[in-house]
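Chain identifiers are assigned alphabetically (A, B, ...) following the order of the sequence lines, protein sequences preceding nucleic acid strands; residue numbering begins at 1 within each chain.
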Amino acid sequence: MDYELIEDITHADVAVRVKGSSYNDLFIKSGRALMSEMVENSCEIAPVIIKEGVISGDNIELLYFEFLNEILFFKDADGILLLPESVTVIENNGEYKCSFRLAGEKIIRDKHIFRVDVKAVTMHRLRIYKEDDLYIGETVFDV
Amino acid sequence: MKSGFIKKIDEYIYEIPSDAKKGMNVPARIYASEALINDMDEAVFSQITNVATLPGIIGEAACMPDGHSGYGFPIGGVAAIDPVAGIISPGGIGFDINCGVRLLSTNLTYDEVHPKIKEIVDAFFRGIPSGVGSEGIISLSSGKFDDAMIGGVEWGVKNGYGDKNDIECCEENGKIAEADPACVSNKARERGAHQVGSLGSGNHYLEIQVAHKGNIYDSETAKLFGIEVDNSIAIMIHTGSRGFGHQVATDYLRSFSSMQNNSGYIPPDRELACAPFHSDEGQSYFKAMNCAINIAFLNRQLIKHRVAEILFDIFGKKSGLRIETVYDVCHNTAKLETHKVNGKMKELLIHRKGATRAFPPGSREIPEKYRAVGQPVLIGGSMESGSYIMCGTEAAEKTFFTTVHGSGRVMSRHQAKSRFNGRELQKSMESRDIYIRTASYSGLAEEAGGAYKDVDEVVASAEKCGLGRIVAKLTPLGNIKG
């Protein structure tokens, strides 16, 4: 598992800590963590539908919040389970942009084993920081 | 006692003074028995004192006996905000706007339902969409969705999904004012239009319950609430505004967070991002949130309609089958209400997150038929322990007429999953005469009764604090979970 659960933040919801070698890697691993909390066999999600986009944020944490919520949006709006394939985060004069490519498939009740539905990525205790050479993201998923 | 700042000021009231944390405008009060407060996780105390820093907060930041840690506000958190000088915060409402409970009474009895419990639960599981990715009973075109955002339950009734009693027996008559679809993003529309009439997952459920003879504590009030005879069957529906409300909250949390640095108030938790209530941004969120409140009312209405259809199919031969809404309460809202402050009536914006409005006898806002006894308050316990019906009391004035909403968690989801096995739990419950169907065994384990506080202790605490009066306990017979 590329992430760990943080136990002492919330009883009602799920708090996670994800580590990546870069912002790009952190975003990819965090998207996978989000899907893994919802779908027990998320590694079996077939990459048959592609969603690409560009989002922006005033800071890296807002960008992270926005990115993860995009995955939840597609799950509800289109009924698609998506995993990040590639992410490019760019900072320009204090403004952050992220171009992403997500791949996945429509929800299949007989195939996908669900844990819980994540309603939203929250800003509670949301932070991204660097420790040694690692980029670390912490956030709470509202379940 | 867990936190050094907490003072016991009454048998069931604990206070954290306003000098305990920098920026607190008012004290924080936790209403609970000593046993419950000792079971609360530390984050509750941190979160409720954060709430006390909100601009415009009046009186106290209150936490109900079922309080536990969430995000922004604790679950069970209540804040009364002066709308003129204060703010509105999506973190004080939650992403599942108007998550709530509806109770249906029936004239079915245990003896009629128990032999058919598997048939009924299976039919509910097939007929009521639940679980991740479930689509609603209806899918709404853009124009109709906008009408539903304004109309709530009234829209449902006009379109053949209910009757006048359903309108009368909901908070706000199932249709809160000042809902403006122009304040709702296209993303929220896309996310929610095809989910109306679905349970969702997590702690949402539909439960068949029985009011056993020994569990009716006030038979006259119980009769008024549709529990007419011993062993009456009731149905409890717990769900909210689904993806629509989640997206409304996400949109405005992002927007408020971006402009927070310019507001003069830096919240101790970014989830408490807020805007002045009377600013353009604050009003826009308020009107969008009201749309989500109405969609949640409609969601529970459509499920009630489907429940009635299914029960009429199964019990068609029983003449005069009655299935009626007793009441429908909201858990996650911010509403403009008038309360007494320093002896004068004042309009306040009451944020309730995982807490229930509980208006006392005589309130104009509750149905005329309930005015003599107070608002019905519906407390959904865990799927193993049972639920309660209470009614509002005058003594709850101190919490702006707010009380508990459920049991409250005592264990995190991860701890519960480590402790319980969903399939084994299902079997164990069946051996105890509770038949359950679920879309997720992992989700079932997270909702095990042992993950929650003792609901009997929670409601007893609420009653002893004056936050309502117990009418009856309802015991689970069957349940569907998302």
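Contact of B:Arg189 with chain A is not made at all, since no heavy-atom distance falls under 4.5 Å. Looking at A:Val143, the atoms closer than 4.5 Å to chain B (heavy atoms on both sides) sit in the backbone and in the side chain alike. Both the backbone and the side chain of B:Ser134 come within less than 4.5 Å of a heavy atom in chain A. At a 4.5 Å heavy-atom cutoff, the contact between A:Arg109 and chain B is made by side-chain atoms alone. Using a 4.5 Å cut-off between heavy atoms, A:Phe65 contacts chain B through its side chain alone, with no backbone atom that close. When heavy atoms are compared at a cutoff of 4.5 Å, B:His194 approaches chain A solely by way of its side chain, counted from C-beta outward. If you measure heavy-atom distances from B:Leu253 to chain A, the contacts under 4.5 Å come from both the backbone and the side chain. With a threshold of 4.5 angstrom between heavy atoms, A:Val39 does not approach chain B through any atom at all. Only the backbone of B:Val410 comes within less than 4.5 Å of a heavy atom of chain A; no side-chain atom from C-beta onward does.
Ring geometry for B:Tyr71 versus B:Phe95: interplanar angle of 30 to 60°, hence tilted.
Comparing A:Asn59, A:Leu72, A:Val140 by heavy-atom pairs within less than 4.5 Å of chain B, the highest count is held by A:Leu72. The choice from A:Glu61, A:Lys75, A:Met38, A:His112 that makes the most heavy-atom pairs within less than 4.5 Å of chain B is A:Glu61. Contact count versus chain A (heavy atoms, under 4.5 Å) is highest, among B:Arg270, B:Gln247, B:Glu135, for B:Arg270. Among A:Ile107, A:Leu62, A:Ile9, A:Asp13, the residue making the largest number of heavy-atom pairs under 4.5 Å with chain B is A:Asp13. Interface remark: of the candidates B:His68, B:Met411, B:Arg413, B:Gln47, B:Arg413 forms the most heavy-atom pairs closer than 4.5 Å to chain A. Chosen from B:Glu190, B:His246, B:His204, the residue pairing most often with chain A at heavy-atom distances under 4.5 Å is B:His246. Taking B:Gly482, B:Gly202, B:Ser257 one by one and counting their heavy-atom pairs under 4.5 Å with chain A, the maximum is reached by B:Ser257.
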### Message
Between B:Tyr285 and B:Ser255, does the side chain to side chain donor-acceptor pair (under 3.5 Å) criterion hold? Intermediate values first, please.
### Response
CA-CA 10 Å; B:Tyr285 170 59; B:Ser255 140; over 6 Å; no
### Task
Evaluate side chain to side chain donor-acceptor pair (under 3.5 Å) for A:Tyr3 paired with A:Glu37, printing each intermediate quantity in order.
CA-CA 10 Å; A:Tyr3 66 98; A:Glu37 278 303 301; 2.7 Å; yes
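Classification of B:Asp41 and B:Arg409 as a salt-bridged pair fails, no side-chain N sitting under 4.0 Å from a carboxylate O. Between A:Glu66 and B:Arg254 a salt bridge is recorded (basic side-chain N to carboxylate O distance below 4.0 Å).
Applying a 4.5 Å heavy-atom cutoff, the residues of residues 76-88 of chain A that approach chain B are A:Asp76, A:Ala77.
Atom-to-atom distance recorded for B:Leu206:CG and B:Ile480:CD1 is 5.0 Å, nearest 0.5 angstrom. Summarising the geometry, atom OG belonging to B:Ser201 is positioned 7.5 Å from atom NZ belonging to A:Lys119; distances are rounded to the nearest 0.5 Å.
With sequence neighbours left out, B:Ala79 forms a side chain to side chain contact (heavy atoms under 4.5 Å, CB included) with B:Val51, B:Ile57, B:Phe73, B:Ile81, B:His351.
When the shell of 6.0 Å around CZ of A:Arg125 is examined, it contains 12 or fewer heavy atoms from other residues, nucleotides or ligands.
Residue pairs meeting the ring-ring contact (aromatic ring centres under 6.0 Å, His included) criterion with at least one partner in residues 11-61 of chain A, sequence neighbours excluded, are A:Tyr23-A:Tyr135, A:Phe27-A:Tyr64, A:Phe27-A:Phe67.
A:Thr122 and A:Asp142 are not linked by any side-chain donor-acceptor pair at a separation below 3.5 angstrom, with hydrogens and angles left out of the test. Counted by atom type alone, B:Glu281 and B:Tyr252 present zero donor-acceptor pairs between their side chains at under 3.5 Å.
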Atom pairs and distances, side-chain donor-acceptor, residues 92-100 of chain A, under 3.5 Å, sequence neighbours left out:
none

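Remark: the backbone N or O of A:Ser21 is not paired with any side-chain donor or acceptor of A:Lys29 at under 3.5 angstrom.
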